[in-house]
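Just follow the structure's listing: the first ligand is 1, and inside any ligand the first atom is 1. None of the values given here were measured: they were computed from a predicted structure.
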Amino acid sequence: MLAQLTAAFRDLQIPLRVKLWDGKQIDLGPTPRVTLVVKDPSLVAQLAHPSLDALGAAYVEGRVDLEGPIEEAIEVGDALSTALLGDEPPPVEQHAAHDKRSDAAAISYHYDLSNEFYRLWLDRDMVYSCAYFETGEEDLNQAQQAKLRHLCRKLRLQPGDRLLDVGCGWGGLARFAARECGAQVYGITLSKAQLELGLQRVAEEGLQGRVTLELLDYRDLPQDGRFDKVVSVGMFEHVGHANLPLYCQRLFGAVKAGGLVMNHGITSRFTDGRPVGRGAGEFIDRYVFPQGELPHLATIARAISEAGLEIVDVESLRLHYARTLQLWSQGLERRLQKAAQWVPEKSLRIWRLYLAGCAYGFQHGWMNLHQILAVKPRDDGGHDLPWTRADLYS
Ligand SMILES: C[S@@+](CC[C@H](N)C(=O)[O-])C[C@H]1O[C@@H](n2cnc3c(N)ncnc32)[C@H](O)[C@@H]1O
């Protein structure tokens, strides 16, 4: 078996050293930058067919260790996987059925991990979604504030506007919209840990009269058109293909006629929503976002339109998310020892791979990020948007 592996690795020219359990070493290229320490002989067969899921699982389960910078390990892992498996896209996957109970469990798994852990590498406001860079040189705090401003501008938020924030996280956008734009905000999340810290931060800023945060599933949103504007940021990735029509109907039912809806989230590269990256999608599903699904822009655009909303503006921010994830990953890598105090070793290994891997995936176009702005037209077909986008950049 080992001879097979050595033969498979020959001539690959990848800067990787494989250190085996018995002390033997195989260098795949002249100047290895990353070392894969294989602790378990039964892994040899998998190494000859290295899907990113199998490689990631071996690291998460502690059957291999990595030496070298995490972003280089991702690059080398992808090179190895591409060399030995080729670049065939995976088959179309079956999409999961989603219900409130399984969605709540999936959300708790990810977001209730530890507020202290997330605080270590997110920005001050703990915004957990793609930031917005005007030059690419900004730090995370600046870029997340710019993102919140960009969203509020696109929503043309006015003092007194009633804003619904679907999937509000730790409440960064809700507080920004109340503080900077004078909006009345109602935010919902399914994560108890997020809600607890979110409420604490609202109170610390004295915004209790203007920001209400609650634990609520989007399926239970009021449907009487009471909101002037609706925003959903980094949330619809949890909804699932099967429920996209229902999700969009709930947004439609929540907003008044003439009101605006912003859906900001990750979209798939493939129109049929199949996962990308030789097993990277399976890894994310298994360890990072159980039940997460990425629809293509065309799929979410169809669901939004069929719900009765009219799409008026779409912006791709793929490279903004690559940069955001790179900054998150670098932040975590700088604080690994502290992070280990807040989460088990297995979780730390998962989040290290997830952040560095997604930075790489966005950079290489495995997925995209779209902000989709829509209006709920009034009966006469009118709405209140200005004629041009000039106000966004003034
Ligand atoms: C990636 S976080 C984004 C948080 C926030 N919008 C931000 O940008 O920082 C996704 C959010 O969606 C929420 N969420 C996911 N599924 C939900 C559901 N079924 N109902 C309500 N909220 C949900 C999660 O609880 C979490 O707050």
Would you please classify the geometry between the Tyr118 ring and the Tyr111 ring as parallel, tilted or perpendicular, with 30° and 60° separating the classes? parallel
Students often mix this up, so state it plainly: with edges at 30° and 60°, are the rings of Phe236 and Tyr247 parallel, tilted or perpendicular? parallel
Option from Phe283, Tyr287, Phe289 for which ring pair (Phe, Tyr, Trp, His ring centres under 6.0 Å) with Tyr354 holds: Phe289
Can you tell me which residue among Lys147, His264, Gln144, Glu237 is in a side chain to side chain donor-acceptor pair (under 3.5 Å) with Ser129? Lys147
Give me the ring orientation class for Trp351 and His110: parallel if the planes are under 30° apart, tilted from 30 to 60°, perpendicular past 60°. tilted
One pair per line, please: each N/O atom of ligand 1 matched with every protein N/O atom under 3.5 Å away, atom names first, then the distance to 0.1 Å.
{"unit_1": "ligand 1", "atom_1": "6 (N)", "unit_2": "Gly167", "atom_2": "O", "d": "2.6"}
{"unit_1": "ligand 1", "atom_1": "6 (N)", "unit_2": "Val233", "atom_2": "O", "d": "2.8"}
{"unit_1": "ligand 1", "atom_1": "8 (O)", "unit_2": "Ser129", "atom_2": "OG", "d": "2.6"}
{"unit_1": "ligand 1", "atom_1": "9 (O)", "unit_2": "Tyr128", "atom_2": "N", "d": "2.7"}
{"unit_1": "ligand 1", "atom_1": "19 (N)", "unit_2": "Asp217", "atom_2": "OD2", "d": "3.3"}
{"unit_1": "ligand 1", "atom_1": "20 (N)", "unit_2": "Tyr218", "atom_2": "N", "d": "3.1"}
{"unit_1": "ligand 1", "atom_1": "25 (O)", "unit_2": "Thr189", "atom_2": "OG1", "d": "2.8"}
{"unit_1": "ligand 1", "atom_1": "25 (O)", "unit_2": "Leu190", "atom_2": "N", "d": "3.1"}
{"unit_1": "ligand 1", "atom_1": "27 (O)", "unit_2": "Gly169", "atom_2": "N", "d": "3.1"}
{"unit_1": "ligand 1", "atom_1": "27 (O)", "unit_2": "Thr189", "atom_2": "OG1", "d": "3.3"}
{"unit_1": "ligand 1", "atom_1": "27 (O)", "unit_2": "Gln194", "atom_2": "OE1", "d": "2.7"}

According to side chain to side chain contact (heavy atoms under 4.5 Å, CB included), who are the partners of Asn115, at least two apart in sequence or on a separate chain? Trp170, Ala193, Leu197
